[in-house]
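Each residue takes its place number in the sequence, starting with 1. Reckoned from all heavy atoms, side chains included, excluding hydrogens, waters and symmetry mates.
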Amino acid sequence: MCIRDSFLTGSPEAPRCRFTVSLVDILNQIGVQYSYVNILEDDEVCEGLKEFSSWPTYPQVYIDGELIGGYDIITVSYTHLRAHETPEHLVCRLLLEKKKRHNTIIDNITIDYKYYS
């Protein structure tokens, strides 16, 4: 299972804020693969994505093109990770929770993604 489209301040190897540090740590602990974009490398992507998603802060996490949320949403979900839950279960639960919140869906965005696992 791959979490696509994580928009970070910095990179997993060189995060630029404590929220990105914590998010990367959580993603690594649950063992999911993810792609990322360092939003600090492109002001247009940084500002445009905030406007597009109506989510003003970074990091932002998307699964299958759907905004799941930021550090706060991932942290709460991780905190409630059930003992028997695999990374795939967590990703599915995040998607279901997301659908309940009725957030924005991204259909077409073309960016050079970097993969990290």
Side-chain angles (χ1 to χ4, degrees):
M1 181 66 63
C2 181
I3 292 181
R4 294 256 321 151
D5 315 337
S6 295
F7 293 87
L8 308 176
T9 52
S11 68
E13 300 85 9
R16 299 285 303 273
C17 78
R18 65 185 173 97
F19 299 112
T20 294
V21 170
S22 298
L23 177 68
V24 166
D25 184 51
I26 289 170
L27 294 175
N28 289 338
Q29 285 183 43
I30 61 176
V32 295
Q33 291 184 320
Y34 56 96
S35 62
Y36 75 95
V37 172
N38 178 355
I39 53 95
L40 299 176
E41 293 178 345
D42 189 330
D43 289 338
E44 192 174 317
V45 170
C46 180
E47 294 307 313
L49 192 60
K50 281 194 252 185
E51 183 179 321
F52 179 81
S53 67
S54 299
W55 194 276
T57 61
Y58 290 101
Q60 294 182 11
V61 176
Y62 292 76
I63 299 175
D64 295 333
E66 294 186 47
L67 173 64
I68 299 303
Y71 163 77
D72 53 346
I73 301 296
I74 300 299
T75 300
V76 167
S77 296
Y78 178 69
T79 302
H80 295 99
L81 185 68
R82 297 171 184 95
H84 64 280
E85 209 168 31
T86 65
E88 290 80 10
H89 287 119
L90 177 62
V91 169
C92 289
R93 185 161 51 85
L94 285 168
L95 282 170
L96 289 172
E97 290 169 2
K98 155 68 175 86
K99 291 194 184 300
K100 291 178 185 175
R101 290 193 310 270
H102 302 290
N103 283 341
T104 305
I105 297 174
I106 292 183
D107 292 324
N108 298 310
I109 191 166
T110 305
I111 297 177
D112 181 25
Y113 294 103
K114 300 166 186 84
Y115 289 91
Y116 190 82
S117 62

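Residues satisfying the side chain to side chain contact (heavy atoms under 4.5 Å, CB included) test with Thr75, not counting sequence neighbours, are Ile26, Tyr71, Thr79. Asp72 is linked by a side chain to side chain contact (heavy atoms under 4.5 Å, CB included) to Trp55, counting only residues two or more places apart in sequence or in another chain. Scanning for side chain to side chain donor-acceptor pair (under 3.5 Å) contacts around Asp25 gives Gln29, with sequence neighbours left out. Ser11 is linked by a side chain to side chain contact (heavy atoms under 4.5 Å, CB included) to Glu13, Ala14, Tyr36, counting only residues two or more places apart in sequence or in another chain.
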Self-check item: Residue pair Ser6, Gln60: steps toward the side chain to side chain contact (heavy atoms under 4.5 Å, CB included) verdict
Solution: CA-CA 6 Å; Ser6 295; Gln60 294 182 11; over 6 Å; no

Exercise. Could you give me the CA-CA distance, side-chain angles and deciding distance for Val37 and Leu8, then say whether side chain to side chain contact (heavy atoms under 4.5 Å, CB included) is met?
Key: CA-CA 6 Å; Val37 172; Leu8 308 176; over 6 Å; no

Quiz item: Taking it one step at a time, do Phe7 and Cys46 satisfy side chain to side chain contact (heavy atoms under 4.5 Å, CB included)?
Solution: CA-CA 9 Å; Phe7 293 87; Cys46 180; over 6 Å; no

Exercise. Begin from the C-alpha positions of Ile39 and Thr9 and carry the test side chain to side chain contact (heavy atoms under 4.5 Å, CB included) through to its verdict.
Key: CA-CA 6 Å; Ile39 53 95; Thr9 52; 3.8 Å; yes

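Side-chain heavy atoms closer than 4.5 Å link hydrophobic residues (I, L, V, M, F, W, Y) into clusters, and following such links, possibly through other members, connects Leu67 to Val45.
Taken from CG in Asn38 to CZ in Arg16, the straight-line distance is 7.5 Å, to the nearest 0.5 Å.
Between the side chain of Tyr58 and the backbone N or O of Leu40 there is no donor-acceptor pair closer than 3.5 Å.
Taking the side chain as every heavy atom from C-beta outward, Leu23 and Pro59 approach each other to under 4.5 Å.
Smallest separation of non-hydrogen atoms from Pro15 and Val21: CG-CG2, 3.4 Å.
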